[in-house]
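Presented below is the structure to which this report refers.
Because the structure is predicted, anything quoted here is derived from the model rather than measured. Order of the sequence lines sets the chain letters (A, B, ...), proteins ahead of strands, with each chain counted from 1. Computation of the quantities below employed the complete heavy-atom set of this structure, encompassing side-chain atoms and omitting hydrogens, waters and symmetry-equivalent molecules.
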Amino acid sequence: MNARHARYPFFAAAREAVGQSGVALGELVTTDDPAVSRALERVERALMAGTVESETPGEWSARDELLSYPVARILVSLIDAPAAVRKYAQAEAATAYDRFTDDFQSTDDGLKSTGTSTVELGEFLTEFELTDDVRPESDTQTAGQPRKDDPYRVSLGTYLTLVDPDWGDRWRLVNREVSEGDVRITREELYDLLREAVRRQVAEGLPFVVGDDAIAEALSAEIESLRGLLADRKPVGRIDTVVPDLFPPCMKQLLERAGRGAELDHHSRFALTAFLTGIGMDTDEIVAVYRDSALDEEEIRYQTEYLRDDSGTQYAPPSCATMAAYGDCVNTDERCETITHPLAYYARALDDEGERAGNAAD
Amino acid sequence: MNRRTREYLRGRFGDYYRSADLTLPPAADRREWGHIPWTAGGTTMVRHQSLLDVGDLGGFLARESPRHVYFSAARYADPGANEMDDKGWQGADLVFDLDADHLPGVDPDAASYAEMLAECKDALLRLLTFLEDDFSFSEMEIVFSGGRGYHVHVRDESVRELDSEARREIVDYVRAIDLDADGLVTTRSERGTTRRVLRTEGGWGKRTHEALLSFVEELEAMDDEDAQERLQEFDGIGEGRAKTILGALQRNPDAIRQGNVEAGGPGLRLLVDTVAQGVVAEQTAPIDEPVTTDVRRLIRLPGSIHGGSSLVVTRLERDDVDDFEPLRDAVPERFTGRDITVELDEPAAVELGGETTKLSAGENAVEESVGVFLMTRGAAEKARE
């Protein structure tokens with residue numbers, strides 16, 4: 001087991017390393033191994049933040065990191081919901097994308113010595129059996145400084161298999177330079193295809209039937225909490241009015257903390273972002289809310305896009321129960337007694353306000 | 001079609017199949033088979049059959065003598081299963097269908113059968129430029145459908161697993177559907193300067209570039225005054241813009257050959273737009289989308305007879321496409337060399353086998369191929385001999 005296996009746990013070599021380590025997954029989960037805690041975090045982060053990167057990377061060894069992957073797959077299988085598989089595979093792919101783009105950059109720069117934890121583009125292509133289907137347009141470019149618009153050629157079948165036409169007009173085959181069975185793409189676009197290849201690899205075989213009842217039993221508490229996260233995210237109708245005065249107390253509080261630059265932990269950040277998305281604020285507006293906070297703009301953008309979801313469905317922020325569980329349910333008022341969800345609070349507040357305005361107009 | 005006609009045709013189709021040597025498609029035992037028998041009304045398809053159900057195909061066709069014969073573009077683990085979901089899909093040929101019914105500019109009521117077929121062959125040749133040059137498919141079977149068009153079966157392994165959505169991308173490419181015409185020209189920055197260039201490395205950009213270059217060659221062959229006039233025929237290009245374009249072409253003729261359209265100014269970019277529109281109008285092939293995107297479709301079997309025309313569904317070698325004349329080359333030889341008597345309600349003229357045969361209303365003795373052609377098309381009945 002090495003650092004590279006930990007970074008790319010879906011690689012064949014990593015899976016082999018797990019196999020050869022002699023570690024029995026059944027034993028791991030029944031002994032509360034740290035790998036199980038990391039696996040839980042892995043799936044939680046996947047469902048809530050679109051990444052599987054740990055919030056506390058220093059806490060885990062390469063072994064924990066690597067073993068958390070097969071355990072995470074068990075967890076996702078036990079949750080047994082299509083949305084869980086979809087979000088999880090997307091998050092693994094997003095994290096892999098961040099890692100391999102870093103790796104390709106550094107190996108190309110010659111800044112790091114290769115071998116230990118980083119991976120080169122060629123190895124990545126080999127891993128996904130794409131060596132024959134992807135090639136740089138000219139040999140000379142591999143020598144020089146890599147640029148994001150370096151041209152590559154990818155075989156038609158592979159292009160059509162990996163690309164989803166919904167990614168946008170520029171991905172449509174009709175708008176591509178297609179010649180002699182190849183589609184022309186840039187280096188940057190090749191990375192998008194690789195992310196999709198990872199997503200498919202991770203989703204492959206999920207969910208599977210976990211045959212060992214002892215495993216399911218040992219993980220029942222984790223599964224319940226993960227299902228809770230998923231259940232909080234039922235689609236809701238859109239509310240398109242933004243009146244901060246009418247926000248529920250919990251959101252007012254989070255908004256106020258973000259406004260004065262306080263650090264929000266990821267549960268709170270997720271709750272607020274999802275709430276703001278839920279009431280119809282767009283990405284730029286939400287980024288502006290966090291302007292004074294210490295948070296990374298890119299991450300907020302990502303989270304907002306992710307919450308909006310590609311199918312156009314929208315997910316609700318955590319329910320009152322979950323807010324309470326994370327200690328974010330504060331300053332409750334009378335209206336809180338009548339609702340179980342922050343969005344319901346806001347919808348009711350808007351209704352009451354509308355009624356009052358309507359009466360006044362009469 | 002009356003009973004006597006139907007029985008006559010069924011008998012003669014059987015004679016054809018007894019002497020025909022049909023080549024099965026690859027992996028025939030993993031395909032679904034279907035046929036439509038010669039029954040009154042006769043459009044009920046018997047399908048969900050495997051080769052195991054059918055037995056030896058040649059024997060089956062000779063015995064059953066069906067009106068139409070089909071096989072699936074898809075391969076299945078269990079092709080004989082009655083429910084599609086139980087068959088176990090294992091990939092499908094990528095099939096293209098060109099039908100005179102879908103050709104723009106062809107009025108099926110006004111055009112003759114021969115005219116429609118000629119138009120369709122032009123469309124086939126256009127389709128083949130995409131399949132050969134753009135996609136470089138290597139395992140292709142070109143087939144005259146026996147009816148009003150052509151099929152191309154692509155069996156390259158790289159496309160067999162594609163789903164409907166991916167196949168739709170191929171259809172849209174060939175038909176230039178949703179083509180972003182502005183996107184054909186891109187802005188490239190090099191050494192601090194930006195310039196507009198056509199995307200010449202493939203696709204619709206390359207096709208546009210080629211058409212533009214042949215237009216430029218046309219201009220270069222003219223004297224200045226004629227070239228000026230020719231350019232000013234385009235909407236939006238006046239004297240000034242025409243001068244700029246010509247000046248740029250003369251100063252740096254290589255630039256446009258490399259796709260650089262910066263120096264020609266807005267006039268040249270307007271010209272590119274117009275050329276692109278012309279290229280799309282002239283080079284698309286009107287393939288029938290549902291046939292290509294349906295990964296479980298049944299397709300007519302090459303070598304069988306089309307029951308609505310009596311013509312043979314004919315496999316074509318690539319080199320033979322140019323010279324192929326369906327109304328001469330797809331007439332079953334079995335039906336030539338003897339006369340039969342048919343009865344018509346209305347007079348008719350038939351172009352078949354390289355000749356035009358004129359028939360009057362009532363009984364006519366004609367070569368069998370002409371009689372069978374009319375009967376399968378519902379324009380004649382078999383007379384008592």
Side-chain angles (χ1 to χ4, degrees), chain A residues 128-138 140-141 144-145 147-190 192-193 196-197 199-201 203-204 310-311, chain B residues 91 94 129-140 154-190 197-210 259 276 280 284 293:
Chain A
F128 287 94
E129 292 177 1
L130 292 171
T131 329
D132 294 338
D133 297 326
V134 176
R135 59 190 166 79
E137 194 165 278
S138 59
T140 50
Q141 78 187 39
Q145 199 49 230
R147 293 162 45 142
K148 65 185 169 75
D149 54 359
D150 286 338
Y152 278 77
R153 293 192 183 232
V154 51
S155 70
L156 178 71
T158 298
Y159 181 87
L160 288 176
T161 302
L162 291 177
V163 168
D164 182 340
D166 289 341
W167 289 354
D169 284 348
R170 79 184 162 94
W171 289 101
R172 301 285 311 279
L173 190 66
V174 69
N175 293 320
R176 287 279 157 179
E177 290 170 283
V178 184
S179 177
E180 294 177 11
D182 290 329
V183 184
R184 207 158 179 249
I185 60 172
T186 62
R187 174 185 283 266
E188 194 178 30
E189 289 168 340
L190 172 61
D192 289 333
L193 297 193
E196 175 64 13
R199 193 195 64 76
R200 283 163 176 264
Q201 169 98 315
E204 175 92 36
D310 42 16
S311 57
Chain B
L94 177 65
T129 66
F130 290 98
L131 305 188
E132 291 168 345
D133 302 341
D134 297 36
F135 304 147
S136 278
F137 292 137
S138 56
E139 287 178 58
M140 282 194 280
V154 177
R155 303 204 167 106
D156 289 39
E157 220 174 304
S158 60
V159 295
R160 268 194 230 151
E161 301 275 327
L162 295 180
D163 61 12
S164 289
E165 196 179 43
R167 289 169 198 243
R168 189 184 313 272
E169 285 295 287
I170 291 181
V171 173
D172 288 351
Y173 181 92
V174 169
R175 295 177 55 179
I177 290 172
D178 294 340
L179 174 68
D180 173 17
D182 295 336
L184 295 176
V185 173
T186 180
T187 306
R188 212 167 274 169
S189 55
E190 239 164 61
V197 287
L198 254 169
R199 296 164 70 204
T200 58
E201 293 291 324
W204 286 100
K206 183 179 183 184
R207 286 168 180 265
T208 301
H209 187 231
E210 282 164 357
V280 167
T284 46
T293 53

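- Contacts between B/Asp133 and chain A at a heavy-atom distance below 4.5 Å involve the backbone alone (N, CA, C, O).
- Heavy atoms of A/Arg172 lying under 4.5 Å from chain B belong to its backbone as well as its side chain.
- Heavy-atom minimum distance, B/Gly202 versus A/Ser179: CA-CB, 4.0 Å.
- Using a 4.5 Å cut-off between heavy atoms, A/Asp164 contacts chain B through its side chain alone, with no backbone atom that close.
- With values rounded to the nearest 0.5 angstrom, B/Asp134 atom CG is found 9.5 Å from A/Leu156 atom CG.
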Run B/Lys206 and A/Val178 through side-chain contact (heavy atoms from CB on, under 4.5 Å) and show every step you take. CA-CA 9 Å; B/Lys206 183 179 183 184; A/Val178 184; over 6 Å; no
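- The shortest non-hydrogen separation linking B/Glu169 to A/Leu173 is OE1-N, 2.8 Å.
- Smallest separation of non-hydrogen atoms from A/Asn175 and B/Asp180: OD1-N, 2.7 Å.
- For the atom pair B/Ser158 OG and A/Leu160 CG, the distance stands at 9.5 Å (nearest 0.5 Å).
- Residue B/Ile177 touches chain A through its backbone alone, counting heavy-atom pairs closer than 4.5 Å.
- Atom CZ of A/Arg147 has 12 or fewer heavy atoms from other residues, nucleotides or ligands within 6.0 Å.
- In this structure, the portion of B/Thr200 lying under 4.5 Å from any heavy atom of chain A is its backbone and not its side chain.
- When heavy atoms are compared at a cutoff of 4.5 Å, B/Leu162 approaches chain A solely by way of its side chain, counted from C-beta outward.
- Not counting sequence neighbours, the partners of B/Phe135 by the ring pair (Phe, Tyr, Trp, His ring centres under 6.0 Å) test are B/Phe137, B/Tyr173.
- Remark: B/Arg199 pairs with A/Glu177, B/Thr186 by the side-chain contact (heavy atoms from CB on, under 4.5 Å) rule, at least two apart or across chains.
- Taking a 6.0 Å sphere around CD of A/Glu180, one finds it holds 12 or fewer heavy atoms contributed by other residues, nucleotides or ligands.
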